[in-house]
Every structure is written in C-alpha cells, then in structure tokens.
Amino acid sequence: MRSIMPTASVEREHLTLVSSLRAQGFAIQPAATRPQAGVSYLVAAGEPIPAPARTLIVDRGEREVLPFRDGQPARIAYGHDDATVGNAFARAMIGGPELPTAADPESLALLALAERVAQADITVLINGPTGTGKEVLARTIHLQSERRDGPFIAINCAALPETMLEAMLFGHQKGSFTGASSGGEGFFRAANGGTLLLDEVAEMPLNLQAKLLRVLQEREVVPIGATMPQAVDVRVIACANRDLQEEVAAGRFRADLYYRLSVFPLTTKALAERTQDIPALAATMILRHAGNRPMVPWPSDEAIAALVAHDWPGNVRELENVIQRALLFCGGATIEASHIVFDRPSAPRLAPVAQQVDDATLGQVVQLSEFAAIRETLAACGGSRIETAKRLGISERTLRYRLAKAREQGDDLASATQRAISA
C-alpha cells in the first residue's frame, strides 16, 4: 500500500484531495520530523519540502500542473470548481504509472476487492469487454501479492499461432518438432515464482484446454518432447471478453477448466457505465502523453463534458486515442472541447418501439435490420454461430461483436433464439 504524508494545512485546505486518495488505497501517515522512505509528501506553497523527488506542492489558484522532473518537486494548483480533474492529476503524479486509475464507486470497490484477492494465492478469472482494463487489474493483483518480486508475464492466446501455442506455453526440447533447433522453457516456466496472465483464454483450442487444466491441477508442465514433468510455481490469471459460461454451453470451452479458472471471478465494466472514471482517466492519460511540455494542458469543463457524453464503444483504449489526439491539437495550456475528436459520433439511444419508425435515423434503421437478419439466420441455423457467420458472409469475430452490440442495447439475440428453438 502506498503512503502519503500531508501537512496540516493541506489536510485542512484540500480535504477532498486527501479523502479521495484515502479512498483509492493510500495510507495517510502522521507528520514526522524526518523524511520517511517510500512516503510521498503533500505540502502547501511556501512550506518546507522534505524530499523533493517525492513531494507534491498543492496550491489554490489558476490551473497549473507541473509534474516531477529532474528530482524536483511536482506542483499543482486549482480551485474548488476544478477539484475533480485536479484531484485526478494529483493522484496520477503521486501514484506513478503503475497505480490503476479509478474514481467511480464501483471501480474503487473492484480495486479494493482485487487487493483482497491478491493476498490469497488463488486463480482469478477477469471478465469484461475489450479495452476495459483487465490487464491493468491483473497487474494490480500481481503487484499487491506476495509474488510482486517475481515475473509478470502476459500473453494473448488469440495472437499466438495455434500450432505454436503449446510449445510457447509449456516449452519444448531441442529437436522435438521441425524447426526446434534449440529448447525453449515456455511461458509457464518463465513465470515461475510470479504471475502468468492468459488473455483471451476463450480463444484457446479445446485440445490445449485439457493440457492447461492438468497444469493447473498438478502444478507441473511436460514440455513437448519430454517424458518427465517439471514443477512450476505460478499464479494464473485468465481474462475473457466473452461469457465463458455461454462458451461452455456451446461446447467451445471445457466446463472443468472454467471451474478451475473461476476460483474468484472479477468483472470489469464498459467505460460508458462508469462515467466518474472518465475525468480521472483523462487526467492520467494527459500526464502520460504530455511529453516534455513545460506545462501540462488542463481539460476545460466543456472538454470533460464532451468526454463524459460519449458512448465509448472502444472503452479505455478509445479514450487514450482521443486524449493523444487532443494533445496534438492543443497548442496552449487548455484542452478545449474543439480539441476532442472522436472516431465517430456517439450512437443515438434507441427510442421506445412506438417512436422508432418516426424518430429513427438511417443508422438506427440499418442496425435494426442487421439485428433482425442475424436473429433470423441464427434461428435457421439452429443457433450455430459458425454456420450463421458463413451464411451472412462475415467472420465469427464480427458476429460476436454484433451480438455483443445487440446485448448492450437490450436485445440478446443468441438467448432469444435459443429460447425460440427450445420452445
């Protein structure tokens, strides 16, 4: 747990800042006469600076952000009306790049739960849409655990060639297959003593799922070409952007592996469902990408309002793209609403059925027609997504995206089709 030591004047004049830092897991240390190792200091303008490289000067007045540079203290100034963004800038500067960003109550509760999970050396399954910070949460669990000094290795099961995935996970011996001119230890042995993150685990082939299950059960791997198992001490965190229970029901994921992975399930939400995180994330990303600017730009109220109003189909990844764009367009000390450029306008909210014909835009009409076509084809194919994708001339990945989009708008096409088939 990170520790901060605010002076009495900072606690009095910036109570919301100190309270928000406490809510985000910072331990508040009482004032001490000598600098303490590993403690960050919050002082008011004009007060003594205990440890320059770990001291944030907090002041009232015109918006200003000066990050830590060359061993010098950081400085931030803002008024009551700018507390939301100001507190986020302060948290980002004190916490550093490894500290996850959260301000929404549900996000704070999730991080608090993750901290408790970290203390128990158990397997964790993190579900949530793409780009919602599943890897950030996994890394947080690792850093809060007893394995923090061990390696943290993250692999994307969908990005690795299926023919090489087994060798890359479990290792191989020299000459065990064509092209194996030397041996390889594999990710499990490389992560020994630490944490292995299996991202997009739902994309793993069924035959490898059986081998992964054995590794989790026996805590040992058998490299390709070897006859003797080798013990491994690894904590596994799995991530999935699809509902694994649905994948189990469809026969695409092993039920026994699901229950082995889901010892403690956590779920990240879409960014549009946790709007209080948006100003905090924006401030963190502005600091991250501001480079060596003499002064970090501050987002205006109108810019923040534009960010909060967006529907964020790309979640946090999309927000980071927008912030980087805004920093390119911004030539001064303020990021204005005109600097906020999205990939596309926010999707209009669907009106009640009675108003859809009168009020629908062309995009809505197209989307409703698309959903209807998917529903009909699913029914004609007996619920088979593979056959449905083939008949519609799209990839399975695109079909999954369309089904997820429909679910977000309250139309669970797959479940409705299954119920109709069962009836």
Quiz item: Under 3.5 Å, is there a donor-acceptor pair between the side chain of Asp243 and the main chain of Gln245?
Solution: yes
Exercise. Report the distance from atom CG of Leu108 to atom CZ of Arg274, rounding to the nearest 0.5 Å.
Key: 11.0 Å
Exercise. With the side chain counted from C-beta on, respond yes when Glu166 and Phe170 share a heavy-atom pair under 4.5 Å apart, and no when they do not.
Key: yes
Quiz item: Quick check: does any side chain N or O of Gln209 sit under 3.5 Å from a backbone N or O of Arg254, one acting as donor and the other as acceptor?
Solution: yes
Quiz item: About how many Å separate CG of Asn127 and NZ of Lys134, when rounded to the nearest 0.5 Å?
Solution: 8.0 Å
Self-check item: Trace of the side chain to side chain donor-acceptor pair (under 3.5 Å) decision for Arg139 with Thr195
Solution: CA-CA 9 Å; Arg139 191 177 294 273; Thr195 303; over 6 Å; no
Quiz prompt | Stepwise side-chain contact (heavy atoms from CB on, under 4.5 Å) check, Leu319 with Met285 | solution = CA-CA 9 Å; Leu319 174 60; Met285 292 170 181; 3.9 Å; yes
Quiz item: Can any side-chain N or O of Arg22 pair as donor or acceptor with the backbone N or O of Ile28 at less than 3.5 Å?
Solution: no
Self-check item: Residue Glu146 excluded, over 12 heavy atoms near CD under 6.0 Å
Solution: no
Quiz prompt | Carboxylate-amine/guanidinium proximity below 4.0 Å for Asp233 and Arg189 | solution = no
Self-check item: For Leu42 against Leu21, the heavy-atom pair lying closest together
Solution: CD2-CD1, 4.0 Å
Self-check item: Test salt bridge (charged side-chain N to carboxylate O under 4.0 Å, His left out) applied to Lys269 and Asp104, step by step
Solution: CA-CA 11 Å; Lys269 285 193 169 185; Asp104 191 274; over 6 Å; no
Quiz item: Is Ser19 reaching over with its side chain to a backbone N or O of Leu15, donor-acceptor style, under 3.5 angstrom?
Solution: yes
Quiz item: Which pair of heavy atoms, one from Asn192 and one from Ala231, lies closest together, and at what distance?
Solution: OD1-O, 4.5 Å
Quiz item: If every non-hydrogen atom of Ala191 is compared with every non-hydrogen atom of Ile153, which pair is closest and at what distance?
Solution: N-CD1, 3.7 Å
Quiz item: Where the side chain of His339 meets the backbone of Glu336, is there a donor-acceptor pair that is under 3.5 Å apart?
Solution: yes
Exercise. Report the C-alpha distance between Val65 and Met93 in whole Å, list the side-chain angles of each, state the deciding distance to 0.1 Å, and finish with yes or no for side-chain contact (heavy atoms from CB on, under 4.5 Å).
Key: CA-CA 10 Å; Val65 184; Met93 287 190 286; 4.0 Å; yes
Quiz prompt | Basic-acidic side-chain contact under 4.0 Å: Arg242, Glu203 | solution = yes
Quiz prompt | CG on Leu271 to CD on Glu318, rounded to 0.5 Å | solution = 8.5 Å
Quiz item: Does the side chain of Gln24 come within less than 4.5 Å of Thr101's, by heavy atoms?
Solution: no
Quiz item: Which residue pairs pass the ring-ring contact (aromatic ring centres under 6.0 Å, His included) test with at least one member in residues 261-292, sequence neighbours excluded?
Solution: none
Quiz item: Taking all non-hydrogen atoms of both residues, which atom of Leu212 and which atom of Met204 are closest, and how far apart?
Solution: CD2-SD, 3.8 Å
Self-check item: Spatial distance of atom CD (Glu115) from atom CG (Leu110) [nearest 0.5 Å]
Solution: 12.0 Å
Quiz prompt | Trace of the side chain to side chain donor-acceptor pair (under 3.5 Å) decision for Glu47 with Ser9 | solution = CA-CA 9 Å; Glu47 291 186 321; Ser9 58; 2.7 Å; yes
Quiz item: Is a side-chain donor-acceptor pair under 3.5 Å present for Arg317 with Thr130?
Solution: no
Identify all side-chain donor-acceptor contacts of residues 48-62 below 3.5 Å with residues at least two apart in sequence or on another chain.
{"unit_1": "Arg54", "atom_1": "NH1", "unit_2": "Gln36", "atom_2": "O", "d": "2.9"}
{"unit_1": "Arg54", "atom_1": "NH1", "unit_2": "Val39", "atom_2": "O", "d": "2.5"}
{"unit_1": "Thr55", "atom_1": "OG1", "unit_2": "Ala51", "atom_2": "N", "d": "3.4"}
{"unit_1": "Thr55", "atom_1": "OG1", "unit_2": "Ala51", "atom_2": "O", "d": "2.6"}
{"unit_1": "Asp59", "atom_1": "OD2", "unit_2": "Arg75", "atom_2": "NH2", "d": "3.2"}
{"unit_1": "Arg60", "atom_1": "NH2", "unit_2": "Glu13", "atom_2": "O", "d": "2.3"}

Quiz item: Could you give the distance from CZ (Arg69) to CD (Gln72), rounded to the nearest 0.5 Å?
Solution: 11.5 Å
Quiz item: Are Leu198 and Val236 close enough that some pair of their side-chain heavy atoms sits under 4.5 Å apart?
Solution: yes
Quiz item: If you take all heavy atoms of Trp298 and Ala77, which pair is closest and at what distance?
Solution: CZ3-O, 3.9 Å
Quiz prompt | Residues Asp82, Arg63: salt bridge by 4.0 Å N-O rule | solution = yes
Quiz item: Does CD in Glu106 sit with more than 12 non-hydrogen atoms of other residues, nucleotides or ligands closer than 6.0 Å?
Solution: no
Quiz item: What closest approach, in Å, do Thr7 and Ala44 show between heavy atoms, and which atom pair accounts for it?
Solution: OG1-N, 4.1 Å
Exercise. Using a strict cut-off of less than 4.0 Å between a Lys/Arg side-chain nitrogen and an Asp/Glu carboxylate oxygen, indicate whether Arg252 and Glu247 qualify as a salt bridge.
Key: yes
Practice problem: For the residue pair Leu137 and Pro100, establish whether any side-chain heavy-atom pair is separated by less than 4.5 Å. | Solution: no
Quiz item: About how many Å separate CE of Met5 and OG of Ser40, when rounded to the nearest 0.5 Å?
Solution: 10.0 Å
Exercise. Could you tell me whether Asp81 atom CG has more than 12 heavy atoms of other residues or ligands within 6.0 Å of it?
Key: no
Self-check item: Ile237 vs Ile126, side-chain contact (heavy atoms from CB on, under 4.5 Å): CA-CA, chis, key distance, verdict
Solution: CA-CA 7 Å; Ile237 300 178; Ile126 305 175; 3.8 Å; yes
Exercise. Start with the C-alpha gap between Arg385 and Glu246, add the side-chain angles, then the distance that decides, and say whether salt bridge (charged side-chain N to carboxylate O under 4.0 Å, His left out) holds.
Key: CA-CA 12 Å; Arg385 297 187 186 187; Glu246 288 188 4; 3.4 Å; yes
Quiz item: Would you find a donor on one side and an acceptor on the other, under 3.5 Å apart, between the side chain of Thr275 and the backbone of Ala272?
Solution: no
Quiz item: Is a side-chain donor or acceptor of Asn241 paired with a backbone partner of Gly128 at a separation under 3.5 angstrom?
Solution: no
Self-check item: Side chain proximity check, Leu287 to Pro67, heavy atoms < 4.5 angstrom
Solution: yes
Practice problem: Flag yes if more than 12 heavy atoms outside Arg116 fall under 6.0 Å of its CZ atom; otherwise flag no. | Solution: no
Quiz item: Can you check whether Leu281 reaches Ile323 side chain to side chain, under 4.5 Å on heavy atoms?
Solution: no
Quiz item: Taking it one step at a time, do Leu125 and Leu266 satisfy side-chain contact (heavy atoms from CB on, under 4.5 Å)?
Solution: CA-CA 6 Å; Leu125 174 63; Leu266 297 173; over 6 Å; no
Quiz item: Any side-chain heavy atom of Ile155 sitting closer than 4.5 Å to one from Leu169?
Solution: yes
Exercise. Report the relative orientation of the aromatic rings in Phe342 and Trp312; use parallel for angles under 30°, tilted for 30 to 60°, perpendicular for over 60°.
Key: perpendicular
Quiz item: Has the side chain of Ser20 got a donor or acceptor atom that lies under 3.5 Å from a matching backbone atom of Leu17?
Solution: yes
Self-check item: side chain to side chain donor-acceptor pair (under 3.5 Å) evaluation trace for Thr132 with Asn315
Solution: CA-CA 6 Å; Thr132 52; Asn315 293 299; 5.7 Å; no
Quiz item: Under a 4.5 Å cut-off applied to non-hydrogen side-chain atoms, are Val215 and Glu220 in contact?
Solution: no
Quiz item: Does any N or O in the side chain of Arg325 come within less than 3.5 Å of the main-chain N or O of Val341, such that one atom is a donor and the other an acceptor?
Solution: yes
